[in-house]
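Have a look at the structure below before the remarks.
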Protein chains: 2
Amino acid sequence: MVVSRARSVKTASSSKAAARAEMPKRDAILEAATRVFLAHGYEGASMDLVAKESGAARRTVYNQFESKEALFSAAVERVWRDFPVVGIAADKEALGDPAVGLSRLGRAVVEFWEPPVAVAFLRMVISEGMRFPDLPRNFFEAGKAPAMRALIDYLQQINENGSLDIPDAELAARQFLGLLNEPLLWLRVVGVGEPPSSAECQRVVEEAVMMMMARYGSSG
Amino acid sequence: MVVSRARSVKTASSSKAAARAEMPKRDAILEAATRVFLAHGYEGASMDLVAKESGAARRTVYNQFESKEALFSAAVERVWRDFPVVGIAADKEALGDPAVGLSRLGRAVVEFWEPPVAVAFLRMVISEGMRFPDLPRNFFEAGKAPAMRALIDYLQQINENGSLDIPDAELAARQFLGLLNEPLLWLRVVGVGEPPSSAECQRVVEEAVMMMMARYGSSG
DNA sequence: ACTGCACTGCACTGTGCAGTGTAATTACTC
DNA sequence: GAGTAATTACACTGCACAGTGCAGTGCAGT
């Protein structure tokens, strides 16, 4: 997992290089590698193709990254870094009306998975999970757990202020995610059906919220 | 997709061979191939390993299956053939009490995905979906669609006899599946967390049914 | 004994790919 | 313009693996 940063040695020691920590070749290689790995998987991707796609010589790829595995790790790390964080502040309005808060959280989750690159990345996490156990672990710790945490926290607050009656916030959170992900995410991951329209997304979120309200609403 | 069946020629023309359509080597190869492909994926699996695992000579593998791709197709076909079909007859009791019918359907779905080989197979459908578009298509047509159809049919019957008020049976079916699959299936597919206990499964099914009853129950 | 057939073991071809060594070329800095 | 470091093109090694050809073996049925 140690990544060689050939140029950083120079940029660190050079006088004016501090201003330009660009490393354009390195970035181009990483960008191309991300594309190629997401499209073909680890085995299916060849260093030759990465070089061609990045416009760099094959040797340069190896000068920047000591192995295919290191390149893969670096590319994955970059994707993680660029991933948005699902985090929603629960303001007064959201705490007052669970339907508002849940809609907001639901839309955030849906928007998180909306970009095709997110789905492709999840597919790669599943595909390469055996070869790189870090992938599922990081996916869980950096991707899933925070979103779950935010959702559970919100549901507990809602429960404590009496807006809803939620005995098991963790279960409720998973249920809510299930209502959203089954139609909007997993079908795309498996690769059947067309990507959902925004109207469809909205509908699914609304219906999921209605489901939560019906099940946990104390007004029933 | 044409599979060579070297021995079937003989068994068809031979006199007493009709009694023994065993083809033990072929079956052993298919069994081993299934195991190897599920464990390593298409690229990661080598014909050498399949031969070794099956106890057959490498040449025999090629005598039975004309290529790696043909072997893969045959192995996948065999898995499809052995898959149980999620189909539940809606009897009087189930039609009279939606909670009973939904519990039954839910348990059937959960049991369908319970065996690790089912999860491994779904993982392979996702992994190799690009290389073999038949996989997701067949998964959808032979695996998902029938289950959805059975669920939708049941929900429509329940709706028509007034037990529940379900305006959109397809949406409701996907919601129900989402409530079940998110905690019980997808976590295992991604490869995080331990397989759920049977108590957990039961709990998830019960809670999913409660959710459906709360949302679509006309008694509310 | 003879024949047909599946099976085996082995050597072999061809290919694609990871990774390396090197000399020439380019780009940047002073 | 000189010096330095990155970059490039190219040749090369080593390896794993798909697929083939072939000589030989064991085992029916005749």
Side-chain angles (χ1 to χ4, degrees), chain A residues 2-30 32-33 36-37 39-75 131, chain B residues 3-30 32-33 36-37 40-75 131:
Chain A
V2 176
V3 176
S4 70
R5 295 176 183 273
R7 240 176 154 172
S8 65
V9 176
K10 179 203 170 187
T11 50
S13 60
S14 177
S15 56
K16 78 171 68 170
R20 48 191 314 284
E22 303 173 12
M23 300 201 278
K25 279 288 168 191
R26 193 168 215 276
D27 287 353
I29 292 169
L30 268 181
V36 172
F37 279 130
H40 300 93
Y42 181 78
E43 291 242 45
S46 78
M47 299 295 267
D48 236 347
L49 184 57
V50 171
K52 191 141 297 185
E53 289 279 313
S54 67
R58 209 155 71 93
R59 201 60 179 82
T60 306
V61 177
Y62 278 102
N63 286 342
Q64 295 287 346
F65 304 92
E66 60 183 15
S67 68
K68 186 181 183 181
E69 206 175 314
L71 175 60
F72 182 76
S73 295
R131 197 189 318 268
Chain B
V3 176
S4 69
R5 295 177 183 273
R7 243 178 155 172
S8 64
V9 177
K10 179 203 170 189
T11 52
S13 60
S14 176
S15 55
K16 78 173 64 173
R20 48 192 312 283
E22 304 172 11
M23 301 201 281
K25 278 290 167 189
R26 195 172 213 275
D27 288 353
I29 291 169
L30 268 180
V36 171
F37 279 130
H40 300 93
Y42 181 78
E43 292 243 44
S46 78
M47 297 296 266
D48 236 347
L49 184 57
V50 171
K52 191 143 298 187
E53 289 280 312
S54 67
R58 210 157 74 93
R59 201 59 178 82
T60 304
V61 176
Y62 277 102
N63 287 341
Q64 293 287 347
F65 304 92
E66 61 182 15
S67 68
K68 186 182 184 183
E69 206 176 316
L71 176 59
F72 182 76
S73 295
R131 198 190 317 271

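Letters A, B, ... are given to chains in the order of the sequence lines, protein chains preceding strands, and every chain is numbered from 1.
Separating the OH atom of A:Y42 from the C1' atom of C:dG16 is a distance of 15 Å, rounded to the nearest angstrom. Rounded to whole angstrom, the span from the CD atom of A:E43 across to the C1' atom of C:dC17 amounts to 11 Å. Going from atom CD of A:E69 over to atom C1' of C:dA18 covers 12 Å, rounded to whole Å. Note: CG (A:L71) to P (C:dC17) measures 15 Å, nearest angstrom. Whole-Å rounding puts the A:N63 CG to C:dT25 P distance at 18 Å. For the pair B:M47 CE and D:dA16 C1', the computed distance is 15 Å after rounding to whole Å. At whole-Å resolution of the value, CZ in B:R59 and C1' in D:dG21 are 7 Å apart. To the nearest angstrom, C1' of D:dA18 lies 14 Å from CG of B:L49.
Within 4.0 Å of B:S46, counting heavy atoms only, lie sugar-phosphate atoms of the nucleic acid but no base atom. In this structure, B:A45 reaches the sugar-phosphate backbone alone: every heavy-atom distance under 4.0 Å involves primed, P, OP1 or OP2 atoms, never a base. B:G44 comes within contact range of no nucleotide atom at all, as no heavy-atom separation falls under 4.0 Å.
Between B:Q64 and C:dC7 there is a side-chain polar atom (N or O) within less than 4.0 angstrom of OP1 or OP2.
Closest to the B:Y62 side chain, of the nucleotides C:dT20, D:dT20, C:dT8, is D:dT20. For A:K68, whose side chain is taken as the heavy atoms from C-beta onward, the closest listed nucleotide among C:dA18, C:dT22, C:dC7 is C:dA18. Candidate nucleotides C:dG19, D:dT7, D:dA18 were compared by shortest atom distance to the side chain of A:R58, and C:dG19 ranks first.
Side-chain contact check for B:E69 versus B:F72: every heavy-atom pair is 4.5 Å or farther apart.
Closest approach of B:A45 and B:H40 over heavy atoms only: N-CB, 3.9 Å. Minimum interatomic distance between A:A75 and A:A33 (heavy atoms only, all atoms of both residues): CB-CB, 4.4 Å.
Across all strands shown, the partner of D:dT4 is C:dA27, judged by Watson-Crick or G-U wobble contacts whose two distances both fall under 3.5 Å. If you check C:dC5 for Watson-Crick or wobble pairing at under 3.5 angstrom, you find it paired to D:dG26.
Atoms CD1 and OH, from A:I29 and A:Y62 in turn, are 11.5 Å apart once rounded to the nearest 0.5 Å.
Although no hydrogens or angles enter the test, the distance criterion places no donor-acceptor pair under 3.5 Å between the side chain of A:K25 and the main chain of A:S54.
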